[in-house]
Protein chains: 2
Amino acid sequence: MDSRARWQVVYDDLREAIEQGKYAPGDQLPPERELVERYGVARSTIRNAFTRLEQAGLVSAGAGSVGRTVRSSLEISFNATKFEVGEYQDDVVRGVDQWANDVEHQGWEARQQVTVTQRAAPAQVAKWLDVESKTRLYRRRRIRSVRRPGAIEWTPAMIADSWFPEDIATRQVNGVAPLLEERDITMPGGIIASLGIRQVKFIDELRSRMPRDEEAELLLLPKGTPVGEHARIGIDDQGRRVRVLVSVFAGDRQFVRYELAVNQSALSGNRGESS
Amino acid sequence: MDSRARWQVVYDDLREAIEQGKYAPGDQLPPERELVERYGVARSTIRNAFTRLEQAGLVSAGAGSVGRTVRSSLEISFNATKFEVGEYQDDVVRGVDQWANDVEHQGWEARQQVTVTQRAAPAQVAKWLDVESKTRLYRRRRIRSVRRPGAIEWTPAMIADSWFPEDIATRQVNGVAPLLEERDITMPGGIIASLGIRQVKFIDELRSRMPRDEEAELLLLPKGTPVGEHARIGIDDQGRRVRVLVSVFAGDRQFVRYELAVNQSALSGNRGESS
DNA sequence: ACGGATTTGTGCGTATGTATA
DNA sequence: CTATACATACGCACAAATCCG
C-alpha cells in the first residue's frame with residue numbers, strides 16, 4: 001500500500017501535526033518509546049525520523065525529561081540599509097550602537113561582549129579585503145545577545161567580527177586606539193570616521209550556510225540550524241578596502257532587511273525585467 | 001585518554017582531512033566498510049559520523065559506486081542592487097532578463113522555466129503584501145538553472161516566485177496579460193512598469209533557513225543544504241504593495257550582493273557606530 | 001542488455017551511558 | 001535517589017542504487 005519508508009511515515013505524520021499546530025512551539029513531542037509502540041517499529045527507525053526533523057529545523061532535542069520539543073523562531077530583523085548607510089539616530093550618551101538601537105526598537109534588550117585579537121587573515125577575509133592570505137590583521141569580535149525585557153536568560157543572536165589592516169587598527173585618537181579597546185565603544189560619526197577614514201561605498205555579501213563548529217557553540221545552535229553570513233566591505237575615498245564586518249547570525253532568530261529607493265531614471269533607461 | 005565519543009573521532013578526522021585538502025571537492029571518501037575496519041567500530045557509528053558531516057554540508061552521499069564525496073560550492077553571485085534598482089543594461093532583443101544577465105557575466109549559461117498558477121496566499125506572502133491570508137493571488141514561478149558553457153547538465157540554482165494581487169496580474173497590454181504568459185518575457189522598463197505601475201521603493205528581507213521538502217526536490221539539494229530566501233516587496237507611488245518576489249536559492253551555489261553608496265550627510269549627522 | 005560487485009539505505013534487536021526533573 | 005528519555009554503541013540482514021565489464 002504505502003511505498004514510503006517506515007521512517008518517512010513517522011516523519012510525515014509528525015511534520016504534518018506540527019505544521020497544523022497540533023504541537024505548538026515549545027510543546028513536547030511523544031517520546032521515542034511511545035512511537036515505537038504506536039507504529040510497531042524499532043527505535044532506530046523512530047530516531048531516523050527525528051534526525052531528519054531536526055535537520056529540517058522543526059524539532060530540537062534534549063536528554064532527560066525535556067524530550068523533544070517543537071522549535072520556535074524569534075524573527076528579529078536587522079536593517080542593513082539604515083545601519084551606517086542611512087538615517088539612524090543613535091545614542092552616544094547611552095553608548096548604544098546601531099545594531100542595539102535597531103533591536104531595541106523591536107522590543108528586545110541587547111548587549112555585546114567585545115574581544116580583540118591579532119591573527120592571520122583567513123582565506124575568505126583576505127579576499128574581501130584584497131590582501132595576501134595570512135596577512136596579520138586585527139579582529140574585533142562582538143558577541144551580541146538579546147533577551148525579552150524581564151527575562152533572565154540572554155540568547156546569543158550574532159557574532160560580529162570586524163577585520164582591519166594593522167595600520168588602521170592601531171590608529172589613535174586622543175592617545176588611545178579605539179579599535180583595540182575591549183569594550184563597547186561609540187563615537188560621534190562612528191569609530192572609523194573618527195580615525196579620519198571616509199568610507200564612501202559598501203559592498204555587502206549575504207550567504208546561507210551551515211555553521212562552523214565554533215559558531216554552533218557560541219550561538220548555542222540546535223543541530224541542523226543554518227546561519228546567515230552578512231559581510232560588509234567598507235571602501236574609502238582612495239578605493240582602499242579599509243575593513244570588513246562579518247556578521248554571522250542564527251537563521252532561526254534573525255533576518256536582514258534592506259530598504260531601497262528605486263532610481264527612476266535608471267529604471268526607465270533600463271530594459272527588460274521579467275518579473 | 002580520549003573523552004570524545006567514538007563517532008566524533010571519526011568525524012573530526014574526516015573533517016580535518018577535508019579542510020586540509022587531503023580530499024578535494026568531488027573526491028570520494030573511504031567507504032563505510034573500510035572505516036569500520038580502520039577504527040574497529042560498528043557500522044552504525046561510522047554512519048553517525050557521516051550523517052553529521054552531511055549536516056555540516058561537507059559531504060554528500062549516493063548509493064552504489066559513487067559512495068560519499070566531498071561537496072563543492074559554485075559561488076555564483078546575484079547583485080540585488082543592480083537588479084531592478086540600478087544601472088543594469090539588459091538585452092530585450094535576446095530576451096535576457098537581469099538575473100540571466102548577471103549570471104552570464106560570471107561565465108555561466110542560464111535558462112528559466114515559467115509556470116503561472118492562481119492560489120491562496122500563504123501566511124508569509126499575505127504578510128509581505130499586506131493582504132488577508134488566503135486571498136486569491138497569482139503566482140508566477142520561474143525555476144532558474146545554470147550550467148558551464150559546453151556542459152550538458154543544467155543545475156537548478158533558484159526558485160523565483162512573484163506573487164501578484166489579481167487586479168495587477170490580469171492587467172493587459174496590447175490585448176495580452178504578460179504576467180500570465182508562461183514563457184520568458186522581457187519588456188522595455190520591465191513588465192510591471194509596462195503595466196503602468198510605478199514602483200518607487202523596495203523592501204528586501206533575507207533569511208537563512210532549511211528548505212521545505214518541495215524546494216529540496218526542485219533544487220536537487222543534498223541533505224543538510226540550507227537555502228537563502230530573498231523577498232523583495234515592491235511598493236508603488238500610492239504606497240500599495242504591488243508584488244513580492246520571493247527567491248529561494250541553494251546556499252552552496254549562490255549568494256546575494258548589494259552595493260551601497262554611503263550617504264555622507266546622513267553619516268556625519270549620524271552618531272555612534274561601534275564597528 | 002545484463003549481471004555481478006560495490007556501496008549506501010533501511011530496518012531489526014539489544015545494551016549501556018548520561019542528562020534532567 | 002529514581003524514573004524518564006535521549007545518546008551512544010554493538011551486530012545482523014536485506015533492499016536499492018550505481019558502475020563497469
Side-chain angles (χ1 to χ4, degrees), chain A residues 1-14 23 26-56 58-71 152-153 213 216-217 220-224, chain B residues 1-14 23 26-55 58-71 152-153 213 216-217 220-225:
Chain A
M1 303 298 110
D2 199 335
S3 63
R4 291 178 297 173
R6 307 237 241 233
W7 65 261
Q8 190 160 8
V9 175
V10 181
Y11 172 89
D12 288 344
D13 285 359
L14 287 169
Y23 299 102
D27 280 4
Q28 191 167 346
L29 294 164
E32 295 174 358
R33 179 190 45 73
E34 188 181 319
L35 294 175
V36 166
E37 288 169 20
R38 190 191 308 173
Y39 287 93
V41 298
R43 191 175 155 224
S44 56
T45 305
I46 300 293
R47 284 182 65 75
N48 193 345
F50 272 124
T51 300
R52 291 169 200 257
L53 285 168
E54 283 165 15
Q55 276 181 18
L58 293 171
V59 165
S60 66
S65 39
V66 280
R68 285 197 168 81
T69 52
V70 178
R71 297 258 306 265
I152 296 165
E153 286 292 310
D213 288 348
E217 224 172 290
L220 304 177
L221 297 177
K223 241 179 312 179
Chain B
M1 303 292 111
D2 199 335
S3 63
R4 290 178 298 173
R6 304 224 223 208
W7 66 262
Q8 191 161 8
V9 175
V10 181
Y11 172 88
D12 288 344
D13 285 358
L14 287 170
Y23 298 102
D27 280 5
Q28 192 166 348
L29 293 164
E32 295 172 0
R33 177 189 46 72
E34 189 182 320
L35 295 176
V36 165
E37 287 170 21
R38 190 191 306 173
Y39 287 93
V41 297
R43 184 171 163 230
S44 55
T45 305
I46 300 293
R47 284 181 67 74
N48 192 346
F50 271 124
T51 299
R52 290 169 200 257
L53 285 168
E54 284 164 15
Q55 276 181 18
L58 293 171
V59 165
S60 65
S65 42
V66 282
R68 286 197 167 80
T69 52
V70 178
R71 298 258 306 265
I152 296 166
E153 286 292 311
D213 288 347
E217 224 173 290
L220 304 176
L221 297 177
K223 241 180 311 181
T225 308

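Chain naming here is simple, since letters A, B, ... match the order of the sequence lines and numbering starts at 1 in each. All of these numbers come straight from a predicted model, not from anything done at the bench.
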Does a side-chain N or O from [X] land closer than 4.0 Å to OP1 or OP2 of [N], or not?
| X | N | result |
| --- | --- | --- |
| B:R47 | D:dT8 | no |
| B:R52 | D:dT8 | yes |
| A:R33 | D:dA3 | no |

Can you pull every protein N or O that's under 3.5 Å from an N or O on nucleotides 16-21 of chain C?
unit_1, atom_1, unit_2, atom_2, d
C:dA21, O4', A:S65, OG, 2.7

If you define the side chain from C-beta out and look only at heavy atoms, does anything of [X] sit under 4.5 Å from [Y]?
| X | Y | result |
| --- | --- | --- |
| A:L14 | A:L35 | yes |
| A:D213 | B:Y11 | yes |
| B:T225 | B:R71 | yes |
| B:T45 | B:Y39 | no |

List in chain and number order the residues that pass salt bridge (Lys or Arg N to Asp or Glu O under 4.0 Å) with A:R6, two or more places apart in sequence or in another chain; answer none if no residue qualifies.
->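 Partners of A:R6 under the salt bridge (Lys or Arg N to Asp or Glu O under 4.0 Å) test: none.
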Only counting residues at least two apart or in another chain, list the ones meeting salt bridge (Lys or Arg N to Asp or Glu O under 4.0 Å) with A:D13.
->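 A:D13 satisfies salt bridge (Lys or Arg N to Asp or Glu O under 4.0 Å) with no other residue.
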Rounded to whole angstroms, how far apart are [atom1] on [X] and [atom2] on [N]?
| X | N | atom1 | atom2 | value |
| --- | --- | --- | --- | --- |
| A:Q8 | C:dG9 | CD | C1' | 13 Å |
| B:R6 | D:dT8 | CZ | P | 13 Å |
| B:R68 | D:dA17 | CZ | P | 16 Å |
| B:Y39 | D:dA9 | OH | C1' | 17 Å |
| B:N48 | D:dC10 | CG | P | 11 Å |
| A:E32 | D:dT8 | CD | P | 12 Å |
| B:I46 | C:dT10 | CD1 | C1' | 18 Å |
| A:E34 | D:dA5 | CD | P | 9 Å |

Identify whether any heavy atom of A:S44 sits under 4.0 Å from a base atom; if not, whether one sits that close to sugar-phosphate; answer base, sugar-phosphate or nothing.
->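 Base, at least one base heavy atom under 4.0 Å.
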Can you tell which of D:dA9, C:dT10, C:dC12 lies closest to the side chain of A:T45?
->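 Among the listed nucleotides, the one closest to the side chain of A:T45 is C:dC12.
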Of the candidate nucleotides C:dG9, D:dG11, D:dA7, which contains the atom at the shortest distance from the side chain of B:A42?
->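 The listed nucleotide nearest to B:A42's side chain is D:dG11.
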CD/A:Q28: more than 12 non-hydrogen atoms of other groups inside 6.0 Å |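 Enclosed.
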